[in-house]
Amino acid sequence: MSRGLWIILVVIGVAVVLLMLNHDSGSTLGFINEDFANLIWLGVLAAVIGAGILRSGHRFGDMARSFGLWVLIVLALIAGYQYRYELQDFGNRVTAGLIPGSPLMLGVEDGRPTVTLDKGRSGHFEARLEINGRPVHAVVDTGATTTVLSAEDARAAGFDVVSLRYTVPVSTANGITNASAVRADEIAVGNIVRRDMPILIAAPGALRQSLLGMNFIGSLSGFDVRGDRMILRD
C-alpha cells in the first residue's frame, strides 16, 4: 500500500475520532461538526484527484486547461440551477411572443397553480387552450357565460361538427347565432386543468374566434388584471 494512501487513511481516522469526541459539543477545531466533516471529505477528494492527475504523466498546461474547462461546466450547471425560474420565465416570454396566447408565466401560489396571460395584438387577453389534448387559440371573454369554440377549432379538437344539432341561441359580436351544447373531456390553460366541462360549439361560419368563457373562469379561485397581464389562479 502506497504512503499517500496511508496518509489519507490516517487523516480520515483522526477526523472520525475528533468528530466522535466532539459530538456533544457540536464543534471541532472551531468548525461546526457538519462543516468539519465536509471539509475533510473535500480535502480527501481533492488529494485523490490531485494524485491521480500527477501520476497520469500529462503536461501541467494540458491538465490546467482540462481542469479549468470542467470548473466552467460545473459553474454553468450550478448557475443554471440557481436561476432556473428566471430562465423559465425568459423562455415563456419568448414563447408567448412567438406563439400568441401561450402562457407568459406558470407559477404556484399557496400550493395552487397560476397562469399569467399577456394581452394580444387585438387588445384582448388571449389564451392557448388544450381541448381534449388539442391546441386551441381563444380570447378570454368574461362577458361570455360559456366557453364557445368555433366550428374549425371544434373540428381540430376532435368533435364531429357535421353531426351536431345547433339549437342553442348565443349572442356574439355579429349578433345572435346558434350553437350546439357538448362536453369537453378536458380543458387546460397552462397547468390549470378542468375535466368534463360543458362548452358550446358555434355553427359553421358563425364564429371566427373561440372564446374562453366564465364557466372556466368562474371555476378558478380568482383572477385579476395587472396592466397588460391577466393572472389566473386555480
K.L.:
Mind checking side-chain contact (heavy atoms from CB on, under 4.5 Å) for Val182 and listing every partner two or more places apart, or none if nothing turns up?
P.N.:
Phe159, Leu164, Ser180, Ile199, Ile201
K.L.:
So do Thr142 and Phe223 actually touch side chain to side chain, heavy atoms under 4.5 Å?
P.N.:
yes
K.L.:
How close do Ile187 and Met197 get, heavy atom to heavy atom, and via which atoms?
P.N.:
CD1-SD, 3.9 Å
K.L.:
Looking only at atom types and distance, does a side-chain atom of Gln209 sit under 3.5 Å from a main-chain N or O of His137, one as donor and one as acceptor?
P.N.:
yes
K.L.:
If the condition is salt bridge (Lys or Arg N to Asp or Glu O under 4.0 Å), which residues does Arg165 pass it with, not counting sequence neighbours?
P.N.:
none
K.L.:
Shortest non-hydrogen contact from Phe125 to Met230?
P.N.:
CE2-N, 3.5 Å
K.L.:
Please report the shortest heavy-atom distance between Leu149 and Ala154, naming the atom on each side.
P.N.:
CD1-CA, 4.1 Å
K.L.:
For residues 215-225, pull every pair meeting salt bridge (charged side-chain N to carboxylate O under 4.0 Å, His left out), keeping only residues two or more places apart or in separate chains.
P.N.:
Asp224-Arg226, Asp224-Arg233
K.L.:
Specify the closest pair of heavy atoms between Thr114 and Asn191, including all atoms of both residues, with the distance to one decimal.
P.N.:
O-OD1, 3.5 Å
K.L.:
Can you list everything that forms a side-chain hydrogen bond (donor to acceptor under 3.5 Å, both in side chains) with Thr167? Sequence neighbours excluded, please.
P.N.:
none
K.L.:
With sequence neighbours left out, what residues match Pro204 under side-chain contact (heavy atoms from CB on, under 4.5 Å)?
P.N.:
Ala151, Tyr166
K.L.:
List the atom of Leu207, the atom of Ala202, and the distance in Å for their closest heavy-atom pair.
P.N.:
CB-CB, 3.7 Å
K.L.:
With sequence neighbours left out, write down each residue that passes salt bridge (Lys or Arg N to Asp or Glu O under 4.0 Å) with Glu34, or none if nothing qualifies.
P.N.:
none
K.L.:
Does Asp234 have any salt bridge (Lys or Arg N to Asp or Glu O under 4.0 Å) partners at least two apart in sequence or in another chain, and if so, which?
P.N.:
Arg194
K.L.:
Please check this pair: side chain of Asn132 against backbone of Glu186, looking for a donor-acceptor N/O pair closer than 3.5 Å.
P.N.:
yes
K.L.:
I'd like to know if the side chain of Ser210 reaches the main chain of Ser150, judged simply by a donor and an acceptor atom lying under 3.5 Å from each other, with no hydrogens or angles considered.
P.N.:
yes
K.L.:
If you measure from OG1 on Thr116 to CG on Leu232, what distance do you get to the nearest 0.5 Å?
P.N.:
8.0 Å
K.L.:
By salt bridge (Lys or Arg N to Asp or Glu O under 4.0 Å), which residues pair with Arg134, not counting sequence neighbours?
P.N.:
none
K.L.:
In chain order, what residues pass the side-chain contact (heavy atoms from CB on, under 4.5 Å) check against Ala156, with sequence neighbours excluded?
P.N.:
none
K.L.:
Please table the atom pairs, donor to acceptor, closer than 3.5 Å between any side-chain atom in residues 211-218 and protein atoms at least two apart or in another chain.
P.N.:
from, atom 1, to, atom 2, distance (Å)
Asn215, OD1, Thr147, N, 2.9
Asn215, OD1, Thr147, OG1, 3.0
Asn215, ND2, Pro198, O, 2.6

K.L.:
Is Val193 reachable from Val115 through a run of hydrophobic residues whose side-chain heavy atoms are each under 4.5 Å from the next?
P.N.:
no
K.L.:
Can you tell me which residue pairs pass the salt bridge (charged side-chain N to carboxylate O under 4.0 Å, His left out) test with a partner in residues 147-162, sequence neighbours excluded?
P.N.:
none
K.L.:
Excluding sequence neighbours, so at least two apart, what forms side-chain hydrogen bond (donor to acceptor under 3.5 Å, both in side chains) with Asp141?
P.N.:
none
